[in-house]
Structure formats: C-alpha cells, structure tokens
Amino acid sequence: MRKITWRLQRGSSRETGVQAAERKSLSHLSTRRRTHRCRPVRFHVIGVCIASVMMMTSSRAVAEGVWTRIGPRGGGVLIRAMAVDPVAASTVYACTVVQGVHKSTDGGANWRKLTRGLEAVGYIKEIVVDPNNHENLYLVHDNLATPTALSASRDGGANWKLIGTGFPADNEIFDLEVDPRQTGHLYAGMYDGVYKSEDGGRTWTAANRGLGGYRATQSIVASQVEPGTVYAAILDRVLKSQDAGQTWKPTASGLPLVETLIASPDGDNIIYAVGMEAVFKTDDGGASWTKAFTFPSDAEPVNTVAFVAGDPRALFIGTDTGLYKTGDRGEHWASAHTGMEGILVKVIVTHPHATAIMYAGTSCGIYRTGDGAGHWMPRNTGLNYTHYFVTQALILDSIPRAIVVGTDGCGIFESTDEGSTWEPLNNGLTRPRITALAADPSDPETRYAGTRSGEIFKTADGGAHWTDISAGLPGQSVSGLAVDLARPNRLYLGTWGGGLFVSSDSGRSWQKAGGAFSQQIVTTLALDPSNPDTLYVATFDDYTLHVFKSTDRGRTWSQGDSGLHGILVTQLAISPANSDIVYAGAVSGLYRSTDGGRRWRRLSEIPSRRDSQVNGLALDPVNPGVMYVSVFGIYESKSGVYRSSDGGDTWKLVREGLERLRWLGPLVIDPRTTDLVYAATDDALFVRSFAQ
C-alpha cells in the first residue's frame with residue numbers, strides 16, 4: 001500500500017579542600033543511610049531533558065582508555081519507505097531517510113544494504129516494485145546534482161542506475177506509479193503535473209492535457225482492472241484519464257484535500273481517496289464519491305493507510321503515536337500496535353496473498369506481524385545505523401542485574417546480559433519519547449517514566465506493564481523526576497512551563513509545589529543524597545534564570561544564584577559526602593558552590609562557550625573529588641567527557657570513541673564499580689573503564 005506524507009529533532013592524587021570536605025562527611029552519610037527502614041537502592045539522578053536511562057549493573061569487562069557502544073541495538077532509525085515483493089512474501093525492501101536501501105529475503109529477519117549504483121543517493125522518498133516483473137525496482141530520491149532523481153534496478157536491487165530524461169529542471173516527484181496492466185508504463189506525479197514513461201522510466205514526457213491551472217500532483221494511481229485508466233489527485237480534485245494520460249477530466253466534486261490515492265487490493269475497480277480526516281471511495285469510475293471510512297476524532301497526524309486484501313471493511317492507519325485498525329468502516333477503532341506501543345508509524349506494507357503478514361516502517365526501525373497485527377516484533381538485524389537516541393541516566397544498585405534505557409521516540413528497553421541483547425518494555429507506554437526515569441529506592445520493580453508530551457507512567461512489575469498516572473498534571477514536557485530516598489512514596493516532578501509538582505502517594509495524585517517559580521520552566525532538579533529534605537531546582541522564564549533551594553521538602557524556597565545571574569542551568573549535582581558542595585552545569589560551563597548554593601564560581605577549565613553546553617554531570621559516590629562532565633557543542637575539539645579527581649579544580653578530556661557523535665548527553669557512574677562510567681548519546685549508550 002502507498003504511504004501518505006502530510007505536508008501542511010583518577011588523575012591527580014593531590015587532595016584539595018573540596019576533596020577533604022567530602023571525605024570527612026562520608027562516614028556521616030553511610031551512618032545516616034543505615035537508619036532507613038529499608039535498605040535503599042543507590043541511584044544518581046543526572047538531570048532530565050530529552051530521554052532517560054535507568055540501569056542496574058554490575059562490573060563487566062570493558063576496554064580501558066576508550067568509550068565502547070553497548071546498545072541498545074536493532075532500531076532507532078526512521079524508515080521512510082518500504083515495498084514488498086508481489087511474488088515472494090518473504091522479500092521486502094526498506095529505505096531509511098538518509099542511510100540507503102536495504103533488502104530482506106527472510107521476512108525481515110536479516111537485512112543487507114544495497115549499494116552498487118546508489119553511492120550518490122541522498123534523501124529517499126519512495127521505492128516501488130514493478131507488479132509486472134518483481135525484479136524491476138524504482139527508487140525516488142535526491143542526489144548531489146538534483147533535488148529529485150530516479151534510479152532503477154533490473155535485478156532485484158543488486159545493481160542500480162540513474163534513469164529518467166525529460167523531467168523539467170528543479171522539479172519534484174511526489175509519487176511514482178507503475179501501471180499493473182501495461183508493462184513498462186510508469187506515471188510520475190510531480191510539482192509540474194503528470195509525466196509518463198513507456199520505456200520503463202528511461203525517458204519521460206509531460207501528460208498534462210486537461211489538468212488545468214493547478215498541476216501539483218500529490219498522488220497518482222492506475223486501475224488494476226481497466227488498462228490505460230489512471231487517477232491523479234491535485235488539491236481537492238481527483239482527475240481521471242482513460243487514454244493512459246493523454247487527456248484528463250475531473251471526477252465528481254465534493255472531496256476534501258486529497259493526500260493520496262489507493263487502488264483496492266482486491267482488484268474490484270474501487271479507488272480510495274484519502275483526505276485529512278476521512279477516506280472516500282468510488283466504484284463507478286469517479287462518477288460519484290462516498291465516504292468509506294472516518295478517522296478517529298482524536299487521531300494523531302495520519303502518516304500511512306493500508307487495506308488488506310479480502311476484508312473491505314478493514315483499514316489500518318499509521319500515526320505519530322502508533323497503529324490503529326477498524327473492522328467496520330471506521331465506526332469503531334482500536335489500537336493495533338502491541339509490541340510497538342506509541343511509536344511513530346511512517347509506512348505500512350501488506351502482501352496481496354499472505355494477508356496476515358504486514359510490515360511497519362517506524363521511527364524505530366522495522367516491525368513485522370504474522371497474525372494480522374495482533375502482535376508486532378522488531379526486525380532490524382543488519383539495518384544500517386540501528387542504534388537508539390538515548391539521553392539522561394540513572395543507575396540503580398539492585399538485583400537482578402539489568403540495564404534499562406529510555407529513548408527519544410522508541411520507548412524503554414532492557415538488557416539482562418550487560419548490553420548484549422535488548423528487549424522492549426513498552427506495554428501500556430503509549431507515549432514513547434522518554435524524558436525522565438526514576439525508581440523506588442526500596443523496591444526497584446516500581447519505576448516511573450516521564451515523557452516529552454507531559455505524561456507520567458508507572459510500573460510495579462519491572463516494566464512488564466505501565467499505567468498512566470498523569471491525572472492532575474498540566475500536560476507539559478517532563479524535565480525532571482526524583483523519588484525521595486527516605487520516603488519513597490514522595491515524588492518530585494519538574495515540568496517545561498508549569499513549575500514543580502509533588503506527589504505524596506506514589507503518583508496517585510499531584511499537587512503544585514509552592515515557590516515563586518510556579519509557572520516557570522524547570523530545567524533540572526536534584527535531591528540531596530544525604531538529606532532528602534533538601535532539593536534544588538533550576539528555572540527559566542522570560543529570560544529570568546534562577547536556582548532555588550528548599551530544605552523542607554519543597555514547602556518553602558530560597559533563591560541562591562549569586563554568580564549564576566543570567567546563566568541557563570541544565571544540570572545540578574550535590575556532593576554525596578558534603579551537602580554544602582553543589583555543582584551546576586550550564587550553557588556557559590560548570591559552576592561550583594561550597595556554601596550550600598548561596599554563591600557560585602565558574603570552574604575555568606571546562607569550555608564556557610554558549611554553544612558548548614554541559615549536558616552531563618556525575619559525582620563518584622565512593623571516591624571524593626572524582627567527577628565527570630560531558631560537554632557538547634559545535635566546537636568538536638572541545639566536545640567530550642571531562643574527568644576531574646580534585647573536585648573540579650583540574651580536568652582531563654577523555655573522548656576516545658566519542659569523536660563522531662552528533663550529540664553527547666548525561667553521564668552516570670556504576671555504583672557497584674565506580675570505575676565504570678556510562679555516557680548517553682544519540683547513538684546508543686557508551687561505557688568506559690577508568691580502572692588503574
């Protein structure tokens with residue numbers, strides 16, 4: 001079926017004064033922790049912005065001196081176009097946005113990249129399999145020379161060649177159609193109208209007679225029953241040609257803006273016109289159009305539509321938040337995305353004979369179902385660039401050993417073998433853009449996840465099932481989430497524009513915290529690990545930036561940002577050994593306070609350009625003075641992870657293995673083996689050992 005694209009992201013051993021102060025307080029911290037009713041799980045919150053990582057780890061063999069990618073793998077790449085072989089149901093083609101064309105001959109279990117003749121291919125728009133000869137493939141793309149180009153393969157994708165002469169210069173192909181009734185006949189819907197080829201796409205001529213003044217042809221489809229009959233969608237009109245594109249006449253009026261045309265998979269001469277809110281159909285050659293399906297009123301933007309052969313009452317739609325199905329022409333809709341909950345579905349392809357088999361191209365790679373969309377499984381082995389965008393970090397010292405990561409758009413994944421394999425944990429997680437993760441320190445099976453769209457989800461079974469607990473929240477992006485170490489039923493939630501919220505009943509209800517920042521953006525928050533009554537909040541509103549401190553669990557606040565005036569703070573961390581020592585990462589470097597947040601001083605060795613932001617800040621819970629900072633910006637030579645062993649007075653850049661990353665985020669230290677440090681990036685999770 002055809003897609004829809006709606007056009008209307010330990011060096012020095014010298015002990016400093018800061019180090020000594022931290023060491024002096026370590027015994028007090030450990031004594032205080034033993035007074036808790038339950039032994040808490042150690043964890044470190046590293047600020048929250050885009051996505052989160054929650055990990056329960058043990059020591060593992062890691063190469064020293066270099067950062068190593070450990071996953072998750074098997075997805076994390078947007079699939080722009082797909083096609084299934086009409087003869088062999090196990091042969092599928094998939095195109096990533098900029099990573100090229102891939103082919104699978106085993107139903108998506110394994111993929112290999114097709115490269116010969118595609119070296120200069122850029123952004124890929126569409127791939128089409130010739131229904132008359134399944135070895136013939138066509139690829140609509142751009143390249144270095146033109147905004148739109150056309151390549152063809154005559155051997156199932158093994159070799160490709162740039163074809164297509166006769167197109168107007170600097171034009172754009174919106175849609176490509178191979179006539180199923182006339183071998184070698186192709187139609188291209190373009191900005192400048194309809195173009196036709198009768199030699200397999202080698203040469204093209206305009207076929208615009210009768211199209212009128214508006215020619216931008218969004219979609220084009222050929223009848224599967226009547227040779228030479230073609231339909232073209234232009235704005236709110238569908239035009240018809242009965243002479244293979246030589247002349248065009250309008251069909252019946254009354255349609256909304258038509259985004260795509262689809263021929264019925266049953267070969268019954270029905271044509272569907274998909275609009276913004278509904279699907280219309282004609283079974284009389286366009287003499288009349290009737291509404292066939294209505295989309296659900298709360299549907300997110302619809303990206304793709306698919307019909308399944310043999311079931312004219314059924315329709316699938318892929319949206320920004322998942323896949324939905326109706327079996328009664330749109331009267332009732334239900335989710336059909338078990339296994340890929342909440343993930344953006346860009347394209348759906350079905351097979352005309354194996355009707356239970358479907359493939360979904362998503363923002364997180366490829367998924368396959370063999371039971372008519374009852375359950376979906378990822379199928380990404382061998383896809384080029386298949387690591388997830390992972391940011392933010394939280395480590396739990398607990399058993400069983402696991403790594404749980406939150407991603408920007410693909411939900412939550414868990415590894416129980418230290419990163420070798422990963423399993424999605426998205427059952428009930430209807431919003432997959434994770435911006436925060438936290439866990440109950442006395443029960444690590446109870447976890448919380450915040451999202452970019454403002455929801456909070458809770459699981460009591462280690463991620464097997466999630467429940468939305470967002471009632472009472474403003475629906476604004478979650479920027480921070482923390483669980484009280486001493487009172488695990490007490491949660492703190494920072495929002496992007498609604499201030500700070502507090503729950504005293506494990507998320508069943510929420511109340512807005514007091515303070516002068518009730519309507520401001522909370523950029524990050526941090527709880528004092530040695531005194532959970534104390535917390536810090538960094539805010540931003542109308543170019544007013546502050547750091548607030550509370551010593552009574554958020555009831556009252558004091559402003560303490562002398563030295564931080566006008567600075568956007570992105571990270572906060574409190575020394576686990578001395579509550580008076582606080583660090584603030586910002587867009588202009590790293591700052592330190594030694595008097596409980598009243599006065600701040602910038603640490604000069606960390607890059608301070610406003611385009612080199614501190615995205616990660618981690619303090620060693622065992623070794624006083626050892627800390628790590630991640631900096632990322634356009635000055636690549638200054639980007640990377642910095643390590644200090646003297647509380648921030650001196651630093652060493654340790655970026656080997658991270659040089660080619662496009663984004664570097666928060667850091668987290670393994671509480672069991674603090675020589676292991678993890679870095680969240682846009683290319684998965686990385687780990688490095690600093691053992692000596």
Side-chain angles (χ1 to χ4, degrees), residues 43-77 364-365 378 380 385-398 401-426 432-439 447 449 463 571 615-618 628-632 639-641 654-690:
F43 65 95
H44 308 270
V45 178
I46 317 285
V48 181
C49 178
I50 299 178
S52 301
V53 182
M54 178 165 51
M55 301 184 295
M56 295 166 287
T57 63
S58 66
S59 60
R60 52 173 289 167
V62 178
E64 295 182 25
V66 65
W67 292 92
T68 305
R69 181 191 293 112
I70 64 169
R73 293 169 292 273
V77 58
C364 304
N380 296 306
Y385 188 75
T386 57
H387 297 95
Y388 293 91
F389 193 138
V390 176
T391 61
Q392 304 304 317
L394 170 68
I395 293 183
L396 301 181
D397 178 8
S398 61
R401 299 168 181 170
I403 305 175
V404 182
V405 300
T407 67
D408 183 26
C410 301
I412 297 171
F413 294 79
E414 180 180 64
S415 174
T416 57
D417 52 14
E418 299 184 332
S420 296
T421 60
W422 297 83
E423 178 185 2
L425 297 177
N426 294 326
R433 303 191 72 177
I434 307 302
T435 58
L437 285 174
R447 306 169 189 171
Q571 302 287 318
N615 286 339
L617 179 56
Y628 303 84
V629 170
S630 67
V631 177
F632 199 81
S639 297
V641 176
V654 285
R655 66 194 298 256
E656 295 81 1
L658 302 176
E659 297 91 345
R660 296 183 179 274
L661 294 178
R662 295 171 296 174
W663 189 88
L664 178 63
L667 306 168
V668 63
I669 301 171
D670 193 318
R672 295 175 182 262
T673 307
T674 60
D675 290 323
L676 287 182
V677 181
Y678 296 84
T681 80
D682 67 337
D683 190 26
L685 188 69
F686 284 70
V687 64
R688 174 171 171 162
S689 173
F690 289 89

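- For Phe686, the ring pair (Phe, Tyr, Trp, His ring centres under 6.0 Å) test picks out no residue, with sequence neighbours left out.
- Summarising the geometry of Gly409 relative to Cys364, their closest heavy-atom pair is O-SG, 3.3 Å, with the distance given to 0.1 Å.
- For the atom pair CG (Leu661) and OG (Ser630), the distance works out to 11.0 Å, reported to the nearest 0.5 Å.
- Every residue meeting the side-chain hydrogen bond (donor to acceptor under 3.5 Å, both in side chains) condition with Arg662, not counting sequence neighbours, appears here in chain and number order: Tyr385, Asp682.
- Here Glu659 contributes atom CD and Leu664 contributes atom CG; the two are 11.0 Å apart, rounded to the nearest 0.5 Å.
- Proximity of Ser639 to Val631: side-chain heavy atoms (C-beta onward) are nowhere separated by under 4.5 Å.
- Here the straight-line distance linking atom CD1 of Ile403 with atom CG of Asp670 works out to 9.0 Å at 0.5 Å rounding.
- Inter-residue side-chain proximity for Ile412 and Leu437 is flagged as met; some heavy-atom pair is nearer than 4.5 Å.
- Taking the side chain as every heavy atom from C-beta outward, Tyr678 and Ile70 approach each other to under 4.5 Å.
- Residues passing the salt bridge (charged side-chain N to carboxylate O under 4.0 Å, His left out) test with Arg69, sequence neighbours excluded: Asp683.
- For Arg73 against Thr421, the heavy-atom pair with the smallest separation is NH2-N, 4.2 Å.
- Taking Glu656 as the reference, Arg688 meet the salt bridge (charged side-chain N to carboxylate O under 4.0 Å, His left out) condition, with sequence neighbours excluded.
- Using cut-offs of 30° and 60° for the angle between ring planes, the Phe690 and Trp67 rings count as perpendicular.
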